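Beneath this line is the structure, given in structure tokens, with notes to follow.
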Amino acid sequence: MPTLVMKFGGTSVANLDRIARASKRVAVEVAKGYDVIVIVSAMSGKTNELVGWVNETSPLYDAREYDAIVSSGENVTAGLMALRLQEMDIPARSWQGWQVPLVTNSAHSSARIEEIPTDNINAKFGEGMKVAVVAGFQGISPEGRITTLGRGGSDTTAVAFAAAFDAERCDIYTDVDGVYTTDPRITDKARKLDKIAFEEMLELASLGAKVLQTRSVELAMRYKVRLRVLSSFEEPSDDAGTLVCDEEEIMEQNAVAGVAYSRDEAKMTLISVADRPGIAAAIFGPLAEAGVNVDMIVQNISEEGRTDMTFSCPTDQVARAEKAMADAMASGEINYHELVTDNGVAKVSVVGIGMRSHAGVAAKMFASLQAEGINIKVITTSEIKISVLIDRKYMELAVQALHDAFELEKAA
Ligand code: ASP
Ligand code: MG
């Protein structure tokens, strides 16, 4: 029998009615002849509640107990879904991570998956079981302790199971009906994409399109797991949702697949630092140690042995960055004239694998921002992405203008 992995996120299993609805979806696939592995999240809001209880009880908690507690929401949904399927006369049972056993490393609260043996579950399929309902987000460490994979981690559980069981596809059921050319709240011209390449999805996921956990897309790309993102709130159909797949499966590539944004960015400039070997290491080493996620970096041309260094980071890390730089100055590691912070910027990016073969994408992007009178403060590029920092107050306008310029309303 071919295997299908179906993952239901928190809103798709938020209460008993929704679990019943999701179970009907599973029944449709069972009727088509699949052996189905269902990965479930906790009911929506549950994990947040559990995290809150941990923090209230022990602010400097033991991470092993944190994992024991916050993994429990998934156990409940797995058992309930198995019961619901049994009520529908579908042979099903639940698995917690340790029962598989899904083995991870010992990095509690952000563990990495090391192994998923298939024999245990396959043996049950061999005995006539039709659905294995597995609690997402959790595993067991080599020391025998319960681990979790980081928030949003059941996406990663689902992709890892699809890879381990060589599943035909991994369907991710969520509360949006697919991946869009941009955020539909910013422009009603946003269109759902039928297909998107792994690499594009990776850029869009890490740029803040919160559909899939970034790690799950990395894993899908590595093991070539075809992923489908679709809504559990709409009627089932074979071409529903968005297929995240290898770029070879996408025939016509537009230059740009989507426009992404990140609202709460800050731009920080160290004015007049000595331009000498090791200066970048002396700046970005302490920033990394302070836990600042530096994104863009620009170093100016130097004049008389001094230069300006600009970088961007999330606004809520500005205080940490300022302290790290002040400390580095005090200890004599670096010497700068002034640190200037601009807390009012946003990042807007265009993403597309078609950029590799289409010329003029950057020029078109800059021209359309110019036409709106939007000043660009920092530019960075990669093979399939161009990002700019602009004043936050123009963010929506920029997204709309770029969506128009690349004619994304015609995308499908
Ligand atoms: N329940 C976990 C969370 O809320 C894992 C998941 O749903 O993916 O982060
Ligand atoms: Mg999620």
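These numbers come from the heavy atoms of this one structure, side chains and all, not from hydrogens, waters or symmetry mates. Every number for a ligand or one of its atoms is a count from 1 in the order of the listing. Here the structure is a predicted model, which means the values were calculated and not measured.
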Mark up the atoms of ligand 1 that fall under 4.0 Å of a heavy atom belonging to Ser41, in ascending order.
6 (C), 7 (O), 8 (O)
Under-4.0 Å salt bridge between Asp391 and Lys377:
yes
Looking at ligand 1, is there an atom of it that comes within less than 4.0 Å of some heavy atom belonging to Gly136?
no
Are any of the heavy atoms in Gly73 under 4.0 Å away from ligand 1?
no
Can you find an N/O atom of Asp155 closer than 3.5 Å to an N/O atom of ligand 1?
no
Under 3.5 Å, N or O to N or O, is Ser154 touching ligand 1 that way?
yes
Between ligand 1 and Gly152, is the shortest N or O to N or O distance under 3.5 Å?
yes
Relative to the heavy atoms of Arg151, which atoms of ligand 1 are at a distance of less than 4.0 Å?
3 (C), 4 (O), 9 (O)
Gln213, portion touching ligand 1 at heavy-atom distance under 4.0 Å
neither
Quick test of your reading of the model: are Arg356 and Glu247 salt-bridged, counting only N-O distances below 4.0 Å?
yes
Working for side chain to side chain donor-acceptor pair (under 3.5 Å), residues Arg151 and Asn48:
CA-CA 10 Å; Arg151 298 305 305 271; Asn48 287 343; 3.0 Å; yes
Using a 3.5 Å cut-off and no angle test, enumerate the donor-acceptor pairs between side-chain atoms of residues 132-141 and protein atoms at least two apart in sequence or in another chain.
unit_1	atom_1	unit_2	atom_2	d
Gln138	OE1	Gly97	N	2.9
Gln138	NE2	Ser71	O	3.1
Gln138	NE2	Asn75	OD1	2.8
Ser141	OG	Glu143	N	3.2
Ser141	OG	Glu143	OE1	3.2
Ser141	OG	Gly144	N	3.4
Ser141	OG	Arg145	N	3.1
Ser141	OG	Arg145	O	3.4

Partner of Val348 by side chain to side chain contact (heavy atoms under 4.5 Å, CB included), out of Ile376, Val259, Thr182
Val259
Residues in side-chain hydrogen bond (donor to acceptor under 3.5 Å, both in side chains) with Thr3, at least two apart?
none
